[in-house]
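We count ligands from 1, going down the list as the structure has it; atoms in each ligand are counted the same way. When reading the values below, keep in mind they use all heavy atoms of this one structure, side chains included, and skip hydrogens, waters and symmetry mates.
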Amino acid sequence: MKYISTRGQVAPIGFIDAILMGLADDGGLLVPEQIPQVSADTLAQWQQLTYSELALEIFSLYVNGEIPREDLKKLVDDSYSTFRHEEVTPVHQLDGSRYVLELFHGPTFAFKDVALQFLGNLYAYVSRKTDSIIHILGATSGDTGASAIEGVRGKEGIRICILHPHQKVSKVQELQMTTVDDANVLNLAVEGTFDDCQRIIKELFADVEFKHKYHLRAINSINIARILAQTVYYFYAYFQLAKQGQANKISFSVPTGNFGDIFAGYLAKKMGLPVHKLILATNENNILARFVQEGVYQPGDFRGTYSPSMDIQVASNFERYMFYLYGEDAAKVTSLMAQFKAEGSIVIEGDVLKQVQADFAAYSVENEECLNTISDYHAKYQYLLDPHTACGAAASDRLAEDGEAAVVLSTAHPAKFDEAIRLRQISQTYPEPIQALFDKPQFQKVVGGTNEEIQKQLESFF
Ligand SMILES: *Cc1c(COP(=O)(O)O)cnc(C)c1O
């Protein structure tokens, strides 16, 4: 299996090179040259597998021999043995046709662990095998940073520096990042906003000399390994429902920000998983919902919401979908992205828009409706949703049809977003690992939000 760029200007590369490249050198995103096809027979065989066994089968299709099977098995087993639930991503039934796919049983209580536990181990493996230095640099609005740090802390050959906006992430998120005391972790609390952090990172990565000198690698959701890891739970959830005789029409509702998670569902469907409908749920930052409904991809005004991990205007994985929507035409994607850069919008009409609406249904959830959904589910099902998952649940309630089994992807544990949940006078007890964070010392450096300042910090750390 080789990987190519959505913009067509990168010679096909292998799996490990694709992981290390992150963003394609031509500015596009890496995708598999061909999407592996899974037959109905294979699906039937996979139904009985455990989560880790299933992950091994799916990764094998994409790694294609570049990592020996027993090494890959160890990587997978190590990555998912850190989850608190033996099923890794269990499916919780709410009533006859409603389900929640719980993706928050990893070390940081958010779904990003599913991909970043694996990516962390993969980076450590590549570092060992190729004797290369891996320095990870990233910016976070909360969940990614905690999850990435947890994925690589204490691992030989790897150092990680994460920028977060000082005092602008939730308390639990801050503690998850800053109570880690491993020597290979540096937390920089930047005086500024998340956008400042992201801009600094972008500019440092764009400085090719600096990037190479310090062996910088990315962990954001454009990394193809993250997408692949996320396809696994769509298969896994489908099989759990199929075992209960629900195999007819199964839809997934996905709380969406950067389009990584839902793109993994789209990829699973393209591999042959018979998904009925993919529901794209956004909060008030609803560029993607507007795109599906009206065919216009254009950032709006930024809105603060109760689901900050979905407060995104320009979705970094969107380009991958464009590539498939236009029949893998890299020239078309290149011109569309150039148009987006120049004019600030992409407009799609006619049959192409019909195709978008066949691929996705979409709904955007307002702040009040998000909190109402948390209250309603708590009263009706005695089940506590976090505000991101609540957006998925609200969209599913709007768009799921009779006779359909609707699975809401739960992207975070409610304890991570207690500030929002308390607004509805719902109290919760923190799980023990979260409670324990409050008694630990914190390790972080508060720094000014300039490139020079960050550069100086990196030079002494890397
Ligand atoms: C990152 C995140 C999302 C959005 O996922 P994307 O892959 O960026 O669409 C949703 N919910 C939570 C809790 C997250 O951390």
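- Residues with a heavy atom under 4.0 Å from ligand 1: F111, K112, D143, P255, T256, G257, N258, F259, G260, D261, S309, M310, H388, T411, A412.
- Rounding to the nearest 0.5 angstrom, the gap separating the OG atom in S79 from the OH atom in Y51 is 10.0 Å.
- A distance-only check finds a donor-acceptor pair linking the side chain of T6 to the backbone of L29 [under 3.5 Å].
- Rounding to the nearest 0.5 angstrom, the gap separating the CG atom in N258 from the OG atom in S309 is 10.0 Å.
- The side chain to side chain donor-acceptor pair (under 3.5 Å) with T305 is formed by just one residue from the set N367, N285, T282, D311; it is D311.
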Atom pairs and distances, side-chain donor-acceptor, residues 293-303, under 3.5 Å, sequence neighbours left out:
| unit_1 | atom_1 | unit_2 | atom_2 | d |
| --- | --- | --- | --- | --- |
| Q293 | NE2 | A362 | O | 3.0 |
| Y297 | OH | A315 | N | 3.2 |
| R303 | NH1 | E284 | OE1 | 2.7 |

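- Between F259 and F291, a ring centre-to-centre spacing not shorter than 6.0 Å is recorded.
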